[in-house]
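Scope of the values below: all heavy atoms of this structure, side chains included, with no hydrogens, waters or symmetry mates. Please read all numbers here as calculations on a predicted model, not as lab measurements. Numbers here simply count residues along the sequence, with the first being 1.
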Amino acid sequence: MALSVFSSVDSAVNSDNMETGTVKSKIENGIGTVTFFHPQSNSLPGKLLMALAEEITKTGNNPEAKVIVLQSEGENLPAGKAGAFCAGASFDELVSINDLETGKKFFSGFAAVINAMRKVPKFVIARVHGKAVGGGVGLASAADYTYAVEGASVKLSELAVGIGPFVVGPAVERKVGKSAFSQLTINATEWQTAQWAKEKGLYAELFSTTADMDKSIAALAEKLSKSNPEAMMMLKKVMWEGTDHWDKLLIERAEMSGRLVLSDFTRNAIGKFKAGAR
């Protein structure tokens with residue numbers, strides 16, 4: 001009989017309020033699945049970030065889960081018509097930040113999610129069914145194995161709005177290298193294709209349809225769910241060697257972003273971005 005455990009973080013994110021988004025999880029046959037959603041292209045407000053970090057940690061520490069699949073909700077569209085895996089920071093929340101402490105707290109949410117993915121003793125598989133921007137690229141980078149569809153282009157747009165990918169930067173750079181990270185960071189208004197992301201090591205595999213991607217994810221997750229948990233835990237520690245300082249580093253980076261978001265330049269840039277398309 002299949003063992004199935006379902007939960008949601010209703011205390012942090014009201015599942016009945018689509019304005020704030022949702023975070024849900026389930027554990028079935030040793031596979032933990034964490035799913036987030038926000039109606040604005042799966043962007044990430046502060047409460048949603050903290051709820052996501054909490055759910056990843058809780059699922060990762062549950063002995064019933066042997067592996068974690070991280071995904072967002074969205075239509076299963078064919079390649080070339082991909083929706084959004086994650087649009088990164090919530091612009092509505094960014095423009096509402098009026099002091100350094102609030103800014104630091106908001107960006108610390110991204111630090112919490114990345115550190116949760118890094119520290120859980122289980123492999124995290126990311127399912128990228130659409131485009132990833134800013135913090136969404138950070139999530140894809142912090143996963144241990146990332147699948148994507150051919151339409152899942154990536155962009156680090158932070159510099160274009162007067163800040164920088166300070167918090168997600170260490171995860172992105174670790175995955176793709178300093179040169180590719182610099183390219184994404186400096187050319188902040190240009191999309192890079194999913195094929196580019198695969199060549200740089202961000203994506204492990206690409207698929208023409210979400211159906212094909214989901215079959216491969218299910219196959220790998222099933223294999224890992226039957227693998228030695230101790231061996232996988234030890235392997236994850238080896239793979240993430242040299243990142244113990246991220247607990248402190250990412251909070252310092254959050255303060256850098258929190259300071260910049262208060263500037264007139266950034267506020268004006270965000271206003272222009274909100275008026276158009278990302």
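- Taking 4.5 Å as the limit, some side-chain heavy atom of Val133 sits within range of a side-chain heavy atom of Trp191.
- Counting all heavy atoms, side chain and backbone alike, Ala188 lies closest to Leu159 at CB-CB, 3.9 Å.
- Ion pairing between Lys58 and Glu55 holds under the 4.0 Å rule for side-chain N and carboxylate O.
- With contacts defined as side-chain heavy-atom distances shorter than 4.5 Å, the pair Leu202/Val137 qualifies.
- Looking only at distances, a side-chain donor or acceptor of Thr57 sits under 3.5 Å from a matching main-chain atom of Ala53.
- Inter-residue side-chain proximity for Trp240 and Trp246 is flagged as met; some heavy-atom pair is nearer than 4.5 Å.
- The environment of Met233 atom CE is dense: over 12 non-hydrogen atoms of other residues, nucleotides or ligands sit within 6.0 angstrom.
- Proximity of Tyr203 to Val149: side-chain heavy atoms (C-beta onward) are nowhere separated by under 4.5 Å.
- Of the options Lys175, Lys236, Lys122, Lys237, a salt bridge (Lys or Arg N to Asp or Glu O under 4.0 Å) to Asp144 is made by Lys236 and by none of the others.
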Evaluate the criterion side-chain contact (heavy atoms from CB on, under 4.5 Å) for residue pair Leu184 and Trp196; output intermediate values, then yes/no. CA-CA 11 Å; Leu184 280 173; Trp196 180 93; 3.6 Å; yes

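- Here the straight-line distance linking atom OG of Ser225 with atom CD1 of Ile27 works out to 12.5 Å at 0.5 Å rounding.
- Of all the heavy atoms in Ser141 and Ala171, the pair that sits closest is CB-O, 3.5 Å.
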Evaluation steps, side-chain contact (heavy atoms from CB on, under 4.5 Å), between Leu44 and Val113: CA-CA 11 Å; Leu44 295 169; Val113 174; over 6 Å; no

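- Looking only at distances, a side-chain donor or acceptor of Ser108 sits under 3.5 Å from a matching main-chain atom of Lys104.
- Transitive grouping of hydrophobic side chains (ILVMFWY, heavy atoms separated by less than 4.5 Å) keeps Met232 and Met234 in distinct clusters.
- Note that the CD1 atom of Ile125 and the CG atom of Leu220 stand 4.0 Å from one another [nearest 0.5 Å].
- Between Pro121 and Asn61, the shortest heavy-atom contact is CD-OD1, 3.7 Å.
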Take Phe36 and Cys86 through the side-chain contact (heavy atoms from CB on, under 4.5 Å) test and state the conclusion after the steps. CA-CA 9 Å; Phe36 66 93; Cys86 177; 4.1 Å; yes

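- Side chain of Lys66 to main chain of Pro63: a donor-acceptor pair is present (N/O by atom type, distance under 3.5 Å, no hydrogens or angles).
- In terms of the side chain to side chain donor-acceptor pair (under 3.5 Å) criterion, Lys105 has no residue partners (sequence neighbours excluded).
- Judged by distance alone, the side chain of Ser43 and the main-chain N or O of Ser90 form no donor-acceptor pair under 3.5 Å.
- The hydrophobic clustering, which links ILVMFWY residues whose side-chain heavy atoms are closer than 4.5 Å, places Leu156 and Phe265 apart.
- Looking only at distances, no side-chain donor or acceptor of Ser157 sits under 3.5 Å from a matching main-chain atom of Ala160.
- In terms of modelled atom types and a separation under 3.5 Å, the side chain of Thr185 and the main chain of Ser182 share no donor-acceptor contact.
- The aromatic rings of Tyr145 and Tyr147 sit tilted relative to each other, their planes meeting at an angle between 30° and 60°.
- Between Pro170 and Leu249, some side-chain heavy-atom pair lies under the 4.5 Å cut-off.
- Leu250 and Met239 fall within the same hydrophobic cluster, defined by Ile, Leu, Val, Met, Phe, Trp and Tyr side-chain heavy atoms under 4.5 Å apart, directly or through other members.
- Contact check for Glu150 versus Met213: no side-chain heavy atoms found under the 4.5 Å cut-off.
- Arg253 places no side-chain N or O within donor-acceptor distance of the main-chain N or O of Val167, the cut-off being under 3.5 Å.
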Should Met117 and Ile68 be marked as a side-chain contact (heavy atoms from CB on, under 4.5 Å) after you check the CA-CA gap, both sets of side-chain angles, and the distance that decides it? CA-CA 9 Å; Met117 295 174 70; Ile68 299 172; over 6 Å; no

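- Annotation: the span from Glu255 atom CD to Glu101 atom CD amounts to 8.0 Å, rounded to 0.5 Å.
- Using modelled atom types, one side-chain atom of Asn98 and one backbone atom of Ser96 make a donor-acceptor pair closer than 3.5 Å.
- Asn42 and Phe85 make their closest contact through CB-O, 3.4 Å (heavy atoms, listed as atom of the first residue, atom of the second, distance).
- Looking at every heavy atom in both residues, Ala142 comes nearest to Ile114 through CB-CG2, 4.2 Å.
- Met256 and Leu262 fall within the same hydrophobic cluster, where Ile, Leu, Val, Met, Phe, Trp and Tyr residues are linked whenever their side-chain heavy atoms come under 4.5 Å apart, directly or through other members.
- Not a single donor-acceptor pair under 3.5 Å links the side chain of Asp247 to the backbone N or O of Asn115.
- Residue Asp264 qualifies as open at atom CG: its count of foreign heavy atoms under 6.0 Å is 12 or below.
- In this structure, Lys26 NZ and Thr59 OG1 are separated by 12.0 Å, a value rounded to the nearest 0.5 Å.
- Contact detail for Ala194 and Ala152: the closest heavy-atom pair is CB-O, 3.6 Å.
- You'll find the side chain of Pro45 stays beyond 4.5 Å of the side chain of Asp92, heavy atoms only.
- Between the side chain of Arg118 and the backbone N or O of Thr243, at least one donor-acceptor pair lies under 3.5 Å.
- Using a 4.5 Å heavy-atom cutoff, the side chains of Gln192 and Lys200 are not in contact.
- The distance from the CG atom of Leu260 to the CZ atom of Phe107 is 8.5 Å, given to the nearest 0.5 Å.
- In this structure, the separation between CG on Leu52 and NZ on Lys24 is 14.0 Å, given to the nearest 0.5 Å.
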